[in-house]
Every structure is written in C-alpha cells, then in structure tokens.
Amino acid sequence: MDVLLLSRLQFAFTTFVHFIFVPLTLGLSLLVAYMEFKWVRTGDEVYKRMAKFWGKLFLINFALGVVTGIALEFQFGTNWARYSAYVGDIFGSLLAIEATLAFFLESTFLAVWIFGWNRLSPKLHNASIWLVALAANLSAFWILMANGWMQNPTGFVLRGDRAELESFAALVSNPFAWQQFAHVLFSAYVLSGFFVLGVSAWHLARGSNVDFFTRSFRIAAPFTLVFALALVVQGHHHGSTVAKFQPTKLAAMESHWETMNRAPQYLFVIPDPANERNLVEILPIPGGLSMLAYHSFDAEVRGLRDFPLEDRPPVMLTFASFRTMVALGFLFPALAAWVWIRRKDPQSSPRLLRILPWVIPLPYIAIQLGWIVAEVGRQPWIVNGIMRTEDAVSAGVTAGQVGFSLVLFGLIYGLLVAVDVFLLMHHGRKGPKSSKNKEDDAQRQDADSGVASQGSPA
Amino acid sequence: MLEITWFVLWGVLWAIYFALDGYDLGLGTLMPILAADERDRRIMYNAAGPFWDGNQVWLITAGGVTFAAFPATYAALFSGLYTALMLLLFALILRGVSFEFRRKVDSERWRRVWDYCHVGGSFLPALLLGVAFANIFQGIPLNAQGVNEGGLLDLLNPYGLLGGVLFVLMFSLHGSLWLGVKSEGPIAVRAAAMAEKLWLALMVVVVLFLVSSAYFTQLFDNYMNNPVLFVVLLLAVLGLVQARVFLGKRSMLKAWAASAVAIISVTLFGVIGLFPALLPSSLDPAYSMTIANSASSQLTLKIMLGVVLVFVPLVVAYQAWLHVTFGHKITDADLEYEEAY
C-alpha cells in the first residue's frame, strides 16, 4: 500500500476512535452541570450523587477524548505536511485558537471540579463544571469552523504556493461551518441523552436505585426529545447547504446520476456506480429531491454524470452511510417521544426500559456515518475545489513509517477502546455510590424500591 | 517585526510547556525509584493530579502555534520527525489514560499494568523531546523540498542523545522538587535527597551540553554577535544555582520555581541561538526553515497575536490559581478522597 492510502486509513481510523468519545463529552458535561446546579439550588443530596455518578462516567470517557485528540493535531503535520504548509495560514490558526480558548479552560476547570468537591464552595464548584461544558462546546465550534472551511472554503485568497487568510469575519461566518456546528452539537446532545436514558433504564428495569434513576431519566427525557426534533429540522437545512456548496456530495448522497428538474426522491434505491446508474429505483416522491435540496419542486438537481469522473466521491459508501444515518435520525425523535410520554413513571413501561439500553449504540453509529458522509463525500478534495487529497500527503514520509504507526494505533486504540467500554459498563452497572450515612441509605433504598434488601447489582 | 514577535512567542510557549509538563513527566519517571509502596505511588500520582492535563495543553498550544504562525516549519518538522513524534504521541496517550484508569478497578495486577504505562509514558516523552530539540538546535538534513533526508536513527547522534539525557535530568529534578512541595514524611525526605543527586548530575550534563553546543551547533553565533544575549544563559545558571541553594534550605517551592526559571532559560538559550531559523538544515543553510520563508501572512499573525495576548495571560492566571488552590501537601484525607487518583 502507498503512503497516501495508509495515511488516509490512519487518519480515518484515529478520527473515528476520537469521535467515539467526543459527543458524550459535549452533552453529558451539560447534563452533569445541570444536575449539580439542582443540588446547589435545592440542597437535595440525590442531585449531588447524580452529578458524581454521571460525572464519573463522563471522566472515564473524557480521558480518552483528550489523548486521542492530540493524535489528530499531530497528524496534520506528520502525515499531511503539504496540506499543512498550504493551508496553515487559515486552518492552523483555527486549531491554535481552539487550544488557547477552549482546551486550557476545559482541562484546568475539569481538574478543579474533580479535586474541588471539599475545597470550593458548592457554587464555585458548580461554576467549574459549567465552564468545562462551555469549553467543550467552544472547542467544537472552532474545530468545526476548521472542518467547515475544508468543506466550503471562505475568507481566503490563493497567493504564491498557499492559501492565505483574507477575511477572518468571512472565515467564522461560513454558513456551511455553522450548519455543521449545529448538526454536530444537536447529534451529540441526542447521543448523550440516550446514554443517560439507556443506563437509567437498565437500572430501572432491575429496580435498583429507582428514585435516583427516575430523576435522571426525567432530566434526560426533554433534553433528548428537544434535540432529536431539532436535529431533523436542522438536518434538512444542512442538506440544503450541501446542495448549494457541494453538489457532487449531494448527488453521491442520493445516488443521483442524471441532471433534471423536478428530481424525484426514491424511497428505495440500489446504486450501480460501475454503470453510472441505479439498479433499482422504487417508490418515487415526484420532485422530492428538488424540494429537499432547493425548497422547490421544480428546481434542477445536478446528477453525477454531469461531473468529471475524477471529481466524484465514492458513491456507494456516501450513499449507504447517508441513508442509514437519516433512517436513524427519524427513529430518534420517535423513541424520544415515547420516552417523554413515560418520563414521570418510566417503570410503567417495561418494554421501553428493555429497549433503551440497546438504543445507546445507535446515535454513535449515526454520528460516525454522518462523518463518513461529510469526509468521504468531500473526496477527492481535501479542501473542496482547492486542493486534492492526493496532493496533500507528506512528501518525505515512507509507507514503512506510516505502516508502523498505523499498526501501533490499531493495537493501542483497540486496547483503550476495549478498556473504556469495559469501565463504562462496569461503573454504569454498579450504579451510584450510596450516600455516606448508612441509615439514610437504607431508608433511601426502602423508598426507592420498596424492598429493603434490594441493593444495586454489581 | 510581527514575525520576530511570533518567533519569541514560539520559543516562550515551548519553554512554558517544558517548565510545566516537565515536573509531572519527571514525577512519572522517578516513580519506580521514589515510591516504596502503594501509598507512595498514590502520593506521586496525586502530586500531578490536578495539573498534568492542563500542563499538557501547552504542548498542544505550542504545536498549534507552530502550525498557525509558521506552517512550513510545522510541516517540515512534524513530517521530518515522523517516527519520533509518533512514539511521543503513544507515550503521552498511555500516560494520560493511566491517571484515569488506574484506580477504576480494584486489582493489584490492573494497577501494575497502568503503572508501567505511566512510567514509560513519562520517561519516553522527556527523552524524545530532548533528542528532538537537540537535533533542531543542531539542524537536520532538510533538502530543498523541506524533506528530512535522515531517519529515526540519525536523530540518535551523540549531541541528540546528550539533549535527551539533559531533558530527562532536568524534568526529573523538577519533578522531585515538586514532590517535595506536595508531600511530607519519608517520601518528601527521599524526594529531596534524590533532588540533590539529580542536581549534581544535571550540572555535569549542562556543562557538557554547552560545550558540545559550541562544538556541534551554531547556537553561539548569535551570542557572539550580540553579547547582551548571554543574560539568558546567565539566568539559566542562576536558576540552577538558586535551585540548589533553596533545596539545601529545604524551601522546596522556591527551589521548584528556580528550577522552572532554569528550564525556561535553557529552552530560550537554544531558541535564541536558532534565530532567524526555526529548523536549520544541516545540508545547506538555504534549505533551513526560517522566519522569512515559513511565517504566515501578516493578517493571520496579527489576529493570532491578539488572541494570544488576551488569552495566554488569562490562562496563566487561572492555572496559577489552580496551583495555589491545590498546592497543599497531600494528606491521608486527600488519599481517601473519593475522586483522588
């Protein structure tokens, strides 16, 4: 294999693994901050235990998000040196701003939060986790401005042998980047919501810590529903920005070959990229694709055949990932609505409680598929229309070097993901630590489950 | 002028990174020597506990700023040192998770595994950063395309290895002093005794390194042309001497601060010697990555300067507050604290 392919594999793999951990960080930090806020406001100890229990899961997950993040920053230089030299003026500054504004804030105040339970006033302690949540979301903003620029470059001028910044305002008001930012945030919130719901449901189905997990469930339910609905609406608008700025990506997402007005949306399609057509197209909605992409049934939608072969992204992967993501995207509000209806007494629906733990992986899958659409769909460009991926790879690096690092990444990340999932399940199942006073705890257990002997299953 | 400001900032950010992450990497490196039992190990983990993650961000920032302000240098440096940087990365990854994972399962074997990761993941970065920076000071075989024609083994030349030893000793001394600040009882006594030995060894290596720098590098050229710059070197020596004086009085915090001054000055000594190059080529000075041929556009440098001038002092302020808030000596109560490492 050549350096280009190995470097692409390595970047794809390390980004995938990194993004297993990021979304939960974005949403769970907010939920934990809110739980602790409730404790500060009401003085009810159960909210403190909630912040600690969900906070512990947050921390296990966070550690891996941090260390796998450094790998990405390094790789722009190690594997994509020509890209770095070409766009550093713009892209590099966004990364540096992310570190200066967000990473410091996040890591410093997370430490304050972890070690400060007994050393700071509750208000100050709570403020530290709000800062962590703010910083996590801020970091998402800057990195998505950077990625958004790769999708739809704005505010730059090509000068000499590189792209130079021309307008910082144009760079940070990139409409495509803002859509991506919203899309990533909302989907991360949905993922975090279903995470809390799934773990809570697992315990509620077993009757352990009922009060604790019912309250957790009740906090997560509206959060999940609101963002699952928002995600559908926003996702539609995001699709229109793709149509506007990346017509080839849109055509690949839809496996749409012929340029036409009143382009239909087929509910079921089997693409046949080798012959530049679809093998099967059934259940058309007339003008549906035109409507979705351009808000008009009559709009012209350009097909893949209109674009030179060397400018087209891989169709099958982009198409299948997009379809599956959208299907999941419609499933989430339905499930969240069911959750919301049962939020006051989730135990009244054992079926819901049985299903929810199995829902936990689904938003993860949807989000990874979304990134495949975004990144594979952008090919063959690394910066849309400006620089091709094949021209971006480091000149002096050998296949042996990248092969070596790829194998090590595989081993180390494989191990770490396994350990992380094990720890999350271990501590998630263990449930919250009982409160310090044993009698209080016994009483709480009574109140929780109605059965004094019922403890939390380890 | 803007470029020169950025060159200085570039050096300062790396220097701050070494002065901060240096002590927790040093703590990890010394763990097998200084920790007699599980309690000692936990004291050492928690001495770095609230700080290591924030310290590490200075590396991300130093790297990010290299990318933003001197993209061509970033490209040549990171791709040129590919394998060394990947090893650095893997080491830092394992060290980082060892803090978080070690106490999450109650098993002796489990903890042992993460201890190995922690020690290796602390020692290796100290060594690799030293080797890398000594090679930068010396110059690497960059060709006209900005591609390093040497391999990993070419980095392991005598001067490069001496740089590695220098960094390991500097960081270890820095770490043992910080352990003196954060602990009491037998382990604090051992930390101070270790610091005394490390200090002696470090002095020998510092002298060797300076002499070798005159022999293997062009670092001293700028100093000869502009003798007032020797102040930086003087500051490094003063820092080291003061560290020893305070260590003798067992004023550990002051000794640690003096050691931080020494680390910052040693780094700046090298960076000033490089000027106006950031990454000299050993093949031909014309191939070097310099301020002139690798800086970003004026607009980017201006905007980034604004960002850095506003936010870096803010970061320094809240990280200083963090160190004050959690600078107390670790007690049994701290070790029993539920969230402690």
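Chain A is the first sequence line, chain B the second, and so forth, proteins listed ahead of strands; every chain is numbered from 1.
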Closest non-hydrogen atom pair, [X] against [Y]:
{"X": "B/L299", "Y": "A/L165", "answer": "CD2-O, 3.6 Å"}
{"X": "A/H427", "Y": "B/K104", "answer": "NE2-O, 2.9 Å"}
{"X": "B/Y74", "Y": "A/G77", "answer": "OH-N, 3.2 Å"}
{"X": "A/A81", "Y": "B/A75", "answer": "O-CB, 3.2 Å"}
{"X": "B/F90", "Y": "A/S405", "answer": "CZ-O, 3.7 Å"}

Tell me, for [X] versus chain A, whether the close heavy atoms (under 4.5 Å) come from the side chain, the backbone, both or neither.
{"X": "B/L94", "result": "side chain"}
{"X": "B/L77", "result": "neither"}
{"X": "B/I60", "result": "both"}
{"X": "B/L88", "result": "side chain"}
{"X": "B/N46", "result": "side chain"}
{"X": "B/D334", "result": "side chain"}
{"X": "B/Q145", "result": "neither"}

Pick from [options]: which one has the most heavy-atom pairs with chain A under 4.5 Å?
{"options": "B/G80, B/G96, B/G54", "value": "B/G54"}
{"options": "B/V147, B/L322, B/V315", "value": "B/V315"}
{"options": "B/A72, B/A295, B/A62", "value": "B/A295"}

Report yes if the side chains of B/E100 and A/L59 come closer than 4.5 Å at any heavy-atom pair, otherwise no.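 In contact.
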Would you check if B/M86 and A/Q401 make a side-chain contact, meaning some heavy-atom pair closer than 4.5 Å?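 Answer no - side chains too far apart.
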When rounded to the nearest 0.5 angstrom, what is the spacing between [atom1] in [X] and [atom2] in [Y]?
{"X": "A/F168", "Y": "B/M304", "atom1": "CZ", "atom2": "CE", "answer": "8.5 Å"}
{"X": "B/F78", "Y": "A/F76", "atom1": "CZ", "atom2": "CZ", "answer": "12.0 Å"}
{"X": "A/Q75", "Y": "B/L89", "atom1": "CD", "atom2": "CG", "answer": "7.5 Å"}
{"X": "A/R82", "Y": "B/S79", "atom1": "CZ", "atom2": "OG", "answer": "10.5 Å"}
{"X": "A/L415", "Y": "B/I93", "atom1": "CG", "atom2": "CD1", "answer": "11.5 Å"}

At a 4.5 Å cut-off on heavy atoms, which part of [X] comes close to chain B: side chain, backbone, both, or neither?
{"X": "A/E166", "result": "backbone"}
{"X": "A/I412", "result": "side chain"}
{"X": "A/V397", "result": "side chain"}
{"X": "A/R162", "result": "side chain"}
{"X": "A/S167", "result": "backbone"}
{"X": "A/I60", "result": "both"}
{"X": "A/F409", "result": "both"}

Of the listed residues ([options]), which shares the most heavy-atom pairs with chain B below a 4.5 Å separation?
{"options": "A/L416, A/L94, A/D420, A/V402", "result": "A/V402"}
{"options": "A/V67, A/T78, A/T68", "result": "A/T78"}
{"options": "A/Y413, A/F109, A/Y83", "result": "A/F109"}
{"options": "A/I90, A/V419, A/L64, A/V66", "result": "A/V419"}
{"options": "A/L95, A/T100, A/L110", "result": "A/T100"}
{"options": "A/W117, A/F103, A/F404", "result": "A/W117"}

Main-chain N/O of [Y] paired with [X] side-chain donor or acceptor, under 3.5 Å:
{"X": "B/T300", "Y": "A/D89", "result": "yes"}
{"X": "A/H426", "Y": "B/V105", "result": "no"}
{"X": "A/E73", "Y": "B/G64", "result": "yes"}
{"X": "B/Y318", "Y": "A/T108", "result": "no"}
{"X": "B/Y82", "Y": "A/G396", "result": "no"}

Worked check of side chain to side chain contact (heavy atoms under 4.5 Å, CB included) between B/F311 and A/I97: CA-CA 9 Å; B/F311 285 96; A/I97 292 174; over 6 Å; no
Determine whether more than 12 heavy atoms belonging to other residues, nucleotides or ligands lie under 6.0 Å from atom OH of B/Y116. no
Centroid-centroid distance, A/F104 to B/W58, less than 6.0 Å: yes
Evaluate A/F74 against B/L59 for side chain to side chain contact (heavy atoms under 4.5 Å, CB included), listing each step before the verdict. CA-CA 11 Å; A/F74 272 40; B/L59 171 66; 4.2 Å; yes
What do the steps show when you test A/F115 against B/E339 for side chain to side chain contact (heavy atoms under 4.5 Å, CB included), and what is the final call? CA-CA 7 Å; A/F115 289 91; B/E339 278 80 12; 5.9 Å; no
Just do the side chain to side chain contact (heavy atoms under 4.5 Å, CB included) check on B/Q56 and A/I70 with the steps written out, would you? CA-CA 10 Å; B/Q56 189 176 263; A/I70 309 175; 3.3 Å; yes
